[in-house]
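All residue numbers in this chain count up from 1 along the given sequence. In each ligand, atom 1 is the first atom listed, and ligand 1 is the first ligand listed. Only this structure's heavy atoms are used, side chains among them; waters, hydrogens and symmetry mates stay out.
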Amino acid sequence: MEHEKLSGGYIFDIQGFSVHDGPGCRTLVFFKGCSLNCVWCSNPEGIFPKPQLLYNASKCIFDGLCAEACPENAISLLPPGNNPDQSEQVLFLDRSKCLTCATFDCIPACCTGAMNLGGYKIQVDALFKTITRDRRYWGNRGGITITGGEPFFQPEFARELLQRCYSAYIHTAAETCGNIPWQNIAPSLPYLDWIFFDLKHMDPLRHRQMTRATNHLILKNGSRIAKEFTGRLVFRMPLIRGFNDDATNISAMISFIQSTGRNEINILPGHHLGREKYALLGMPYYTENFQDPGQEILQDIKARFDESGIHCYLGNNTPF
Ligand code: SF4
Ligand code: SF4
């Protein structure tokens with residue numbers, strides 16, 4: 001088959017054998033770049049749109065080879081006594097220089113694997129070849145799910161990959177935060193079978209406190225996708241205790257979903273699985289004190305959705 005000349009984009013991971021992000025067994029492609037910055041994000045390496053440096057202090061032997069290789073003088077080794085706990089040597093990274101680094105020379109210089117790259121550029125052809133290695137495991141229901149990050153942050157790349165898969169009869173799904181211009185989303189819609197559309201909070205100011213953006217664009221896009229997208233649309237809500245689990249917010253969410261004419265939501269309880277990645281990226285982890293909502297609260301919320309005619313799937317219990 002003839003294909004248009006396809007370009008590439010930035011991703012940070014490919015994971016096979018997922019059974020929670022769409023029907024059947026799926027291969028997930030994690031895109032770089034997001035217009036939100038949710039404090040509970042479990043994939044913080046997906047927020048920045050380009051590859052970035054990951055530094056694992058537990059593998060570092062402080063020999064300074066990376067500092068010698070860095071053309072930007074971004075690395076300083078501080079001897080014991082020059083850091084907060086006064087006892088151990090530390091490596092200080094000026095990450096503002098790393099964000100615009102073109103070489104990442106520190107990574108091959110490090111012999112212990114303490115320095116690594118988070119994310120890489122890949123051409124659609126190469127990505128298609130890689131993910132279709134899993135084809136035999138997808139069965140007749142599975143396929144690919146693009147996620148991130150925000151997949152429509154790279155609209156051409158997303159559209160090209162989805163179109164390529166769709167024309168090869170591969171089931172396609174996307175998970176979107178919705179905070180993205182409509183023109184980024186629309187070109188991909190004809191090549192999608194399934195969309196997970198995230199809803200975090202119905203109050204615009206509360207939404208902005210925890211994600212750095214209001215929900216105005218998200219709700220507008222959610223309504224529009226519900227009308228124009230002919231595939232299956234499942235709303236998704238990360239349940240963060242003390243943020244969005246109150247009765248007022250759940251009522252507002254029910255009213256919104258009812259207004260769209262769709263009737264499915266998947267609630268994902270907040271967790272701490274991404275904690276270690278914040279340290280690798282040198283980012284503060286603000287959600288240390290978030291608690292698991294617990295089964296009682298989850299079942300209560302599920303009952304409220306179900307009673308309102310909205311099928312509510314809890315966590316990984318997704319009978320898709
Ligand atoms: S080269 Fe690797 S092990 Fe050596 S100081 Fe740099 S990060 Fe640490
Ligand atoms: S990413 Fe670039 S600027 Fe940052 S430490 Fe490595 S070589 Fe230096």
Side-chain angles (χ1 to χ4, degrees), residues 7-15 28-124 126-127 130 146-151 153-154 156-158 177 211-212 272-288:
S7 57
Y10 293 98
I11 64 170
F12 63 91
D13 203 3
I14 299 171
Q15 288 175 11
L28 313 182
V29 183
F30 293 83
F31 280 46
K32 286 279 277 173
C34 188
S35 54
L36 297 182
N37 196 338
C38 305
V39 298
W40 58 81
C41 182
S42 56
N43 289 323
E45 73 275 47
I47 295 170
F48 187 66
K50 295 280 175 66
Q52 62 196 129
L53 185 66
L54 307 176
Y55 168 61
N56 186 342
S58 69
K59 289 188 174 175
C60 183
I61 56 172
F62 306 101
D63 57 9
L65 294 176
C66 55
E68 284 169 26
C70 172
E72 302 294 334
N73 293 320
I75 301 175
S76 322
L77 287 155
L78 304 180
N82 285 36
N83 60 74
D85 85 1
Q86 301 287 306
S87 58
E88 292 182 14
Q89 191 162 26
V90 295
L91 182 150
F92 174 76
L93 263 171
D94 181 349
R95 284 187 180 264
S96 64
K97 293 179 175 168
C98 302
L99 289 179
T100 53
C101 182
T103 66
F104 294 99
D105 284 341
C106 58
I107 296 173
C110 174
C111 56
T112 68
M115 295 289 192
N116 279 292
L117 194 59
Y120 55 96
K121 185 162 191 182
I122 189 164
Q123 300 301 312
V124 170
L127 181 52
T130 303
I146 59 169
T147 179
E150 163 52 51
F153 197 87
Q154 302 181 74
E156 269 302 286
F157 181 41
C177 74
T211 70
R212 297 211 188 144
H272 293 287
L273 295 177
R275 182 197 278 125
E276 312 308 325
K277 301 181 191 175
Y278 283 79
L280 300 180
L281 291 160
M283 290 168 69
Y285 186 62
Y286 293 115
T287 49
E288 200 65 65

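Judged as a side chain to side chain contact (heavy atoms under 4.5 Å, CB included), and not counting sequence neighbours, the contacts of L281 are P44, E45, Q52, L54, M283.
Taking every heavy atom of both residues into account, N43 and K277 meet most closely at OD1-NZ, 2.8 Å. Closest heavy-atom contact between C38 and T211: SG-CG2, 3.6 Å. G8 and Q123 get closest at one heavy-atom pair: N-OE1, 3.6 Å. Across every non-hydrogen atom of F153 and K32, the tightest pair is CD2-O, 4.3 Å. Summarising the geometry of Y278 relative to G274, their closest heavy-atom pair is CD1-O, 3.3 Å, with the distance given to 0.1 Å.
When non-hydrogen atoms are compared, ligand 1 lies under 4.0 Å from the side chain of T112 (C-beta onward) but not from its backbone.
Using bins of under 30°, 30° to 60° and over 60° for the plane-to-plane angle, the ring pair F30/F12 lands in the tilted bin.
Each protein N/O/S atom under 2.8 Å from atom 6 (Fe) of ligand 2 was counted, for a total of 1.
By the neighbour-count criterion of 12 heavy atoms within 6.0 Å, atom OH of Y120 is densely surrounded, having more than that number from other residues, nucleotides or ligands. Under a cut-off of 6.0 angstrom, the local environment of CZ in R275 is crowded, with over 12 non-hydrogen atoms contributed by other residues, nucleotides or ligands.
When only non-hydrogen protein atoms are considered, atom 8 (Fe) of ligand 1 lies nearest to C60 SG, 2.3 Å. Atom 4 (Fe) of ligand 1 has as its closest protein heavy atom D63 OD1, 2.0 Å.
Atoms of ligand 1 lying under 4.0 Å from at least one heavy atom of A114, given by number and element, are 7 (S). Atoms of ligand 1 lying under 4.0 Å from at least one heavy atom of I61, given by number and element, are 3 (S), 8 (Fe). Per-residue contacts place F62 under 4.0 angstrom from the following atoms of ligand 1 (heavy atoms of the residue considered): 5 (S), 8 (Fe).
Taking 2.8 Å as the threshold, C110 counts as a candidate ligand of atom 2 (Fe) of ligand 1, since one of its N, O or S atoms lies below it.
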